[in-house]
Amino acid sequence: METYRLKNIAIVILLLLNACLLLMVGQQQLQSLRAQRRAAAQLRELYIASHLALSDRVELDRKPLEILSPARRPETEQAITSALLGGEALATSQGGGIYSYEANGRTIQFRAGGSFYGSRLDLPVEDPAGFARSFCSRFGYEEPRLQLEGGSGTAVAGQMLRDVPVINCAVELYFEEGRLTSVTGAHVDLQDASLQPGDPMSCVTALIKFLDHRNTSGVVCSEVTGVECVYQLQSVSSPRLLPVWEISTDTYTYYVDCATGEVYTH
């Protein structure tokens, strides 16, 4: 009987500890929510004082993206080059992280950072616009921007990762009289991507950085119409996806680097 009572007491103590922990977590979340609301209210006051409108559509509680390091995937490179070369491509290492993919006498090179390039392809394409749309849809690019006439011109599209745009990661297809003549671009794959340490800045902080930049640099705009966190591809020896805040205004679109706070246009 004494053992049974001790067990009951231990259970009650554990339940009380859990209840206390839940209460503490709840209080912390409530304090965080209040702090976010205060920061949002102060931000809107700053914008009003600076005579810059902040659209009600702007969601100030949006979360920043995480820093990612995509892994190189030869299978994806093989598929991209086969689609652009008109046949199964054979890969050859050129050293320094460069791989050449060749098929039907045509060659495309991929670098370790995700960029690729091919010239003098001379691939017959019956419908350049349809070819560009199919390629972009298959490999995760947005709807291409077409400048085509009579089978000649260009198709340009940026890559999307889980519906998030990636700056500095696009493909450009060049056509001449119904033939794909060259391609340049970049591509990254999120499969096997690893998270990197970092504490990207909040939406509110990014908007304060932009306001400071606008007030000191003479940027001409009267309203911030939208804010979204997007990726920027940094590719040297290996690719990294860095979060940046994309701030849309009634004049131009600006970007705030989540690590440095730098404000720039693209």
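Note that this is a predicted model, so its numbers are computed, not measured.
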Q: So Tyr174 and Glu176, side chain to side chain donor-acceptor pair (under 3.5 Å) or not? Walk me through it.
A: CA-CA 7 Å; Tyr174 300 86; Glu176 290 183 15; over 6 Å; no

Q: Taking atom CZ of Arg240 and atom OG of Ser69, what is their separation to the nearest 0.5 Å?
A: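 OG of Ser69 is found 5.5 Å from CZ of Arg240.
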
Q: For Trp245 versus Ala206, what's the shortest heavy-atom pair and its separation?
A: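 Taking Trp245 first and Ala206 second, the nearest heavy atoms are CD1-CB, 3.4 Å.
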
Q: Do the non-hydrogen side-chain atoms of Ile80 and Thr76 ever get within less than 4.5 Å of each other?
A: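 Yes. Closest side-chain heavy atoms under 4.5 Å.
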
Q: Considering only residues two or more places apart or on different chains, which pairs with a residue in residues 198-210 satisfy side-chain hydrogen bond (donor to acceptor under 3.5 Å, both in side chains)?
A: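 Sorted result for residues 198-210: Ser202-Thr205.
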
Q: Which heavy atom of Ala89 sits nearest to which heavy atom of Ser82, and what is that distance?
A: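 Closest approach of Ala89 to Ser82, heavy atoms only: N-OG, 3.2 Å.
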
Q: Walk me through it: do Ser152 and Glu177 pass the test side chain to side chain donor-acceptor pair (under 3.5 Å)?
A: CA-CA 5 Å; Ser152 298; Glu177 299 179 351; 5.5 Å; no

Q: At what distance, to the nearest 0.5 angstrom, does CZ of Arg162 lie from OH of Tyr231?
A: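 Going from CZ on Arg162 over to OH on Tyr231, the span is 7.0 Å.
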
Q: Using the rule that Ile, Leu, Val, Met, Phe, Trp and Tyr join whenever any side-chain heavy atoms are under 4.5 Å apart, tell me whether Ile247 and Val230 fall into a single cluster.
A: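 Ile247 does not cluster with Val230.
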
Q: Any side-chain heavy-atom pair from Cys221 and Tyr252 closer than 4.5 angstrom?
A: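 No - every pair of side-chain heavy atoms lies 4.5 Å or more apart.
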
Q: Find out if a path of hydrophobic residues (ILVMFWY) with successive side-chain heavy-atom gaps under 4.5 Å connects Phe110 to Leu121.
A: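 Yes, because Phe110 and Leu121 connect within a single hydrophobic cluster, where side-chain heavy atoms sit under 4.5 Å apart.
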
Q: Below 4.5 Å, heavy atoms only, C-beta onward: do His187 and Val171 meet side chain to side chain?
A: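 Heavy-atom side-chain distance check fails, nothing below 4.5 Å.
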
Q: Do Leu123 and Phe175 belong to the same hydrophobic cluster, where Ile, Leu, Val, Met, Phe, Trp and Tyr are linked whenever their side-chain heavy atoms lie under 4.5 Å apart, directly or via other members?
A: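 Yes.
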
Q: Atom CD1 in Ile108, atom OG in Ser119: separation rounded to 0.5 Å?
A: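 Output value for this atom pair is 9.5 Å.
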
Q: Give a yes or no on this: more than 12 heavy atoms of other residues, nucleotides or ligands lie within 6.0 Å of atom CD of Gln196.
A: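 Counting other residues, nucleotides and ligands, CD of Gln196 exceeds 12 neighbours.
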
Q: Search all heavy atoms of Arg44 against all heavy atoms of Val58 and return the closest pair with its distance.
A: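 Heavy atoms only, the tightest pair is NH2-O, 3.8 Å.
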
Q: Heavy atoms, side chains only, cut-off 4.5 Å: are Glu172 and Thr154 in contact?
A: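 Result no, sub-4.5 Å side-chain heavy-atom pair not found.
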
Q: Mark yes or no for whether Asp250, through its side chain, and Ser222, through its backbone, hold a donor-acceptor pair below 3.5 Å.
A: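 Checked: pair present.
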
Q: Crowded around Arg111 CZ? As in, over 12 foreign heavy atoms under 6.0 Å?
A: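 No, the 6.0 Å shell around CZ holds no more than 12 heavy atoms from other groups.
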
Q: Taking all heavy atoms of Glu246 and all of Tyr255, pick out the closest pair and write down the distance.
A: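 Answer, listing the atom of Glu246 first, then Tyr255: OE2-OH, 3.0 Å.
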
Q: What's the spacing between Thr181 OG1 and Leu173 CG if we round to 0.5 Å?
A: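 The distance works out to 9.5 Å.
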
Q: Can you establish whether the number of heavy atoms outside Gln94 located under 6.0 Å from its atom CD is more than 12?
A: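 Yes, because the 6.0 Å sphere around CD of Gln94 holds more than 12 heavy atoms from other groups.
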
Q: Are Met201 and Pro64 side-chain neighbours, meaning at least one heavy-atom pair lies under 4.5 Å?
A: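 They are not in side-chain contact.
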
Q: Do Tyr264 and Leu242 share a hydrophobic cluster (ILVMFWY, side-chain heavy atoms under 4.5 Å, transitive)?
A: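 Different hydrophobic clusters.
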
Q: Same hydrophobic cluster for Val224 and Leu60, using side-chain heavy-atom links shorter than 4.5 Å among ILVMFWY?
A: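 Yes: a chain of side-chain contacts under 4.5 Å links Val224 to Leu60.
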
Q: If we ignore hydrogens and angles and just use 3.5 Å, is the side chain of Ser50 paired with the main-chain N or O of Tyr47 as donor and acceptor?
A: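 It does not hold such a pair.
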
Q: Do you know the tightest heavy-atom contact between Leu85 and Thr107?
A: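 For Leu85 and Thr107, the tightest heavy-atom pair comes out as CD2-N, 4.0 Å.
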
Q: Give, for atom CG of Asp61 and atom SG of Cys203, the distance between the pair rounded to the nearest 0.5 Å.
A: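 With rounding to 0.5 Å, CG (Asp61) is 8.0 Å from SG (Cys203).
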
Q: Exactly one of Ile167, Val256, Leu65 should register a side-chain contact (heavy atoms from CB on, under 4.5 Å) with Val244. Which one does?
A: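 Going through the options one by one, the only one that passes is Ile167.
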
Q: Can you confirm whether Arg62 sits close enough to Val227 that some side-chain heavy atom of one is under 4.5 Å from a side-chain heavy atom of the other?
A: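 No, every pair of side-chain atoms sits at 4.5 Å or beyond.
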
Q: State whether the side chain of Asn104 and the backbone N or O of Arg106 hold a donor-acceptor pair below 3.5 Å, judged by distance alone.
A: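 No, the answer is negative, given that no donor and acceptor are paired below the 3.5 Å cut-off.
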
Q: Please report the interatomic distance CG(Asp189) to CZ(Arg73), rounded to the nearest 0.5 Å.
A: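 Separation between the atoms: 5.0 Å.
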
Q: Hey, does Leu233 have a side-chain heavy atom less than 4.5 Å from the side chain of Pro239?
A: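 Touching, per the 4.5 Å side-chain cut-off.
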
Q: I'd like to know whether Glu77 forms a side chain to side chain donor-acceptor pair (under 3.5 Å) with Tyr99, so could you lay out the CA-CA distance, the side-chain angles of the two residues, the decisive distance to 0.1 Å, and finally the verdict.
A: CA-CA 9 Å; Glu77 295 179 7; Tyr99 274 80; over 6 Å; no

Q: Pairs under 3.5 angstrom only: tabulate donor-acceptor contacts from the side chains of residues 138-146 to other protein residues two or more places apart or in another chain.
A:
unit_1, atom_1, unit_2, atom_2, d
Tyr141, OH, Ala186, O, 2.7
Glu142, OE2, Arg145, NH1, 2.8
Glu142, OE2, Gly158, N, 2.9
Glu143, OE2, Arg133, NE, 3.0

Q: Can Phe116 and Leu84 be said to form a side chain to side chain contact (heavy atoms under 4.5 Å, CB included), step by step?
A: CA-CA 11 Å; Phe116 58 91; Leu84 294 171; 4.3 Å; yes

Q: Evaluate Leu241 against Leu190 for side chain to side chain contact (heavy atoms under 4.5 Å, CB included), listing each step before the verdict.
A: CA-CA 10 Å; Leu241 291 170; Leu190 281 187; 3.8 Å; yes

Q: Could you tell me whether the side chain of Arg214 and the main chain of Leu52 form a donor-acceptor pair under 3.5 Å?
A: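 No.
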
Q: Under 3.5 Å, which donor-acceptor pairs do the side chains of residues 125-132 form with other protein atoms, sequence neighbours left out?
A:
unit_1, atom_1, unit_2, atom_2, d
Asp127, OD1, Ala129, N, 3.4
Asp127, OD1, Gly130, N, 3.3
Asp127, OD2, Gly130, N, 3.4

Q: Between Tyr101 and Pro74, what is the shortest heavy-atom contact and its length?
A: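 Shortest heavy-atom contact: OH-O, 4.1 Å.
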
Q: List the steps, then state whether side chain to side chain contact (heavy atoms under 4.5 Å, CB included) holds for Ser55 with Glu223.
A: CA-CA 7 Å; Ser55 172; Glu223 183 181 15; 3.6 Å; yes

Q: Going through the checks in order, is the side chain to side chain contact (heavy atoms under 4.5 Å, CB included) test met by Thr225 and Thr249?
A: CA-CA 5 Å; Thr225 58; Thr249 74; 5.6 Å; no

Q: Is any side-chain heavy atom of Val188 closer than 4.5 Å to one of Gln159?
A: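 Yes, at least one pair of side-chain atoms sits under 4.5 Å.
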
